[in-house]
There are 2 protein chains.
Amino acid sequence: MTPDLTQNCFRALADPTRRDIVRLLAETNMTIGQLTDQFDMTRAAVKKHLTVLSDGGLITVTAKGRERFNSLNPQGMAPVLSWLEYFDTYWDDHLAALKTAIEKDKK
Amino acid sequence: MTPDLTQNCFRALADPTRRDIVRLLAETNMTIGQLTDQFDMTRAAVKKHLTVLSDGGLITVTAKGRERFNSLNPQGMAPVLSWLEYFDTYWDDHLAALKTAIEKDKK
DNA sequence: TTAATTTGATACCATTTGGTATCGCATCAA
DNA sequence: TTGATGCGATACCAAATGGTATCAAATTAA
């Protein structure tokens, strides 16, 4: 139970492996074993990343027999989105340029 | 010159002091000295944070005499927003599935 | 029951990170 | 010119981070 969810959420997303895990879990719920198959590291390392993601409120775990399925909590992104919203007014001035930048990035 | 702008951007936002700096610079362009007055740490520490923010593409620096004004680069958020956009479709898919289920239930 | 599978937990290690202290270089003011 | 001011750079330190190796517990399969 960590108090500062915003900090934990930003911290969770600051690692490329964890961002990859988030994307994988957006596709399918997976066990640690299945996730470990997708990376070049040990199960213990993946487990640590999952703990950080859990502290950030980004994933939840559901036990099923001896397996534990990790699933994405889409609402976990809320702290990040909320923080970014602060710049809405600031962005109004630059919104056109920003939109253009994002569109370019897509392609 | 850092190659992975997405990673550097997420990393830059992963520290609470740096997020505070970003908010301050959204209000006013400031020198390191002015920023240091806002925090309980040395100028060298603030400078390091500014370097990380610069690596993340979130700020730019403009020299004016012996002062160097740091300003927010609003387009710097683009990598984060772009990454988050991936989950818009995640939301849409789930929403579509939910709608379908409701429609079926009606009949 | 016995053995294999799936996982959690911990000790340990190298590197990164966030911080200070300190030096030297420009620039402005006297 | 002589200080004072604003800044960058570096050496150094404690703590956090990302990883491994290893052990123990619980569930499933033989």
Side-chain angles (χ1 to χ4, degrees), chain A residues 1-25 28-72, chain B residues 1-25 28-72:
Chain A
M1 216 71 77
T2 37
D4 194 342
L5 200 58
T6 298
Q7 171 55 24
N8 288 336
C9 192
F10 271 104
R11 181 171 102 85
L13 294 178
D15 182 273
T17 300
R18 288 196 289 267
R19 287 198 302 277
D20 286 344
I21 291 176
V22 166
R23 284 213 166 182
L24 285 170
L25 293 182
T28 324
N29 295 354
M30 297 173 81
T31 65
I32 285 200
Q34 293 170 324
L35 279 169
T36 303
D37 291 341
Q38 303 292 321
F39 299 95
D40 188 24
M41 64 182 70
T42 64
R43 186 173 48 78
V46 174
K47 168 61 178 169
K48 285 193 178 183
H49 285 305
L50 289 177
T51 299
V52 175
L53 286 168
S54 178
D55 287 346
L58 288 166
I59 63 168
T60 53
V61 188
T62 308
K64 191 169 187 179
R66 67 183 158 184
E67 291 176 317
R68 295 171 64 83
F69 285 92
N70 301 273
S71 56
L72 182 63
Chain B
M1 217 74 76
T2 36
D4 194 342
L5 201 57
T6 298
Q7 170 56 23
N8 287 336
C9 192
F10 271 104
R11 179 171 105 82
L13 293 178
D15 181 273
T17 299
R18 288 196 289 269
R19 288 197 302 278
D20 286 344
I21 290 176
V22 167
R23 284 210 168 184
L24 286 170
L25 293 182
T28 323
N29 294 354
M30 298 173 80
T31 66
I32 286 200
Q34 292 171 326
L35 280 169
T36 303
D37 290 342
Q38 304 292 321
F39 298 97
D40 189 23
M41 63 183 70
T42 64
R43 185 171 49 78
V46 174
K47 167 62 178 170
K48 285 193 178 181
H49 285 304
L50 289 176
T51 299
V52 175
L53 286 168
S54 178
D55 287 346
L58 289 166
I59 64 170
T60 54
V61 188
T62 308
K64 192 170 186 178
R66 66 183 160 185
E67 291 178 316
R68 295 171 64 82
F69 284 92
N70 301 272
S71 56
L72 183 63

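None of these values were measured; they are calculated from a predicted model.
Considering all non-hydrogen atoms of both residues, A:Thr31 and A:Phe69 come closest at CG2-CE2, 3.7 Å.
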Review item, side-chain donor-acceptor pairs of residues 56-68 of chain B, under 3.5 Å, at least two apart:
| residue | atom | partner | partner atom | Å |
| --- | --- | --- | --- | --- |
| B:Thr60 | OG1 | B:Ser71 | OG | 3.0 |

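In this structure, B:Ile32 places its CD1 atom 18 Å from P of D:dT5, rounding to the nearest Å. Atoms CZ (B:Arg11) and P (D:dA16) sit 17 Å apart, rounded to a whole Å. If you take CZ of A:Phe69 and P of D:dT27, they are 15 Å apart, rounded to a whole angstrom. The CG atom of A:Asp15 sits 18 Å away from the P atom of D:dA16 (whole-angstrom rounding).
Protein chain B contacts DNA chain C from C:dT17 to C:dC28, reading 5' to 3' and using non-hydrogen atoms of the protein with a distance under 4.0 Å.
Considering only residues two or more places apart in sequence or on other chains, B:Thr36 meets the side chain to side chain contact (heavy atoms under 4.5 Å, CB included) condition with B:Ile32, B:Arg43, B:Val46. Contacts of B:Ala45 classified as side chain to side chain contact (heavy atoms under 4.5 Å, CB included), with partners at least two apart in sequence or in another chain: B:Met41, B:Thr42.
Between the CG atom in A:Asn8 and the CG atom in A:Leu53 there is a gap of 11.0 Å [rounded to 0.5 Å].
Residues B:Gly33 and A:Thr17 each lie close to DNA chain D; by heavy-atom proximity, the contact nearer the 5' end of the strand is made by B:Gly33.
Helix-axis bend for the helix from C:dT1-D:dA30 to C:dA30-D:dT1: the local axis fitted to the five terminal pairs at one end deviates from that at the other end by 20°, rounded to 10°.
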Could you go through B:Lys47 and B:Thr51, starting from their C-alpha distance and side-chain angles, then the distance that decides it, and tell me whether this counts as side chain to side chain contact (heavy atoms under 4.5 Å, CB included)?
CA-CA 6 Å; B:Lys47 167 62 178 170; B:Thr51 299; 3.9 Å; yes
Before you tell me yes or no, could you show the steps for B:Leu50 and B:Leu35 under side chain to side chain contact (heavy atoms under 4.5 Å, CB included), namely the whole-Å CA-CA distance, both residues' side-chain angles and the distance that decides it to 0.1 Å?
CA-CA 10 Å; B:Leu50 289 176; B:Leu35 280 169; 3.9 Å; yes
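Remark: A:Met41, A:Thr42, A:Ala44, A:Ala45, A:Lys48, A:His49 in residues 37-50 of chain A come within less than 4.0 Å of DNA chain D through at least one heavy atom. Residues from residues 59-67 of chain A lying near DNA chain D, meaning a heavy-atom separation below 4.0 Å, are A:Gly65, A:Arg66 in numerical order.
Contact annotation: the side chain of B:Ile21 never approaches that of B:Asn70 to less than 4.5 Å [non-hydrogen atoms, C-beta and beyond].
Listed by first then second residue, pairs satisfying side-chain hydrogen bond (donor to acceptor under 3.5 Å, both in side chains) with a partner in residues 12-22 of chain B read A:Gln7-B:Arg19, B:Arg18-B:His49, not counting sequence neighbours.
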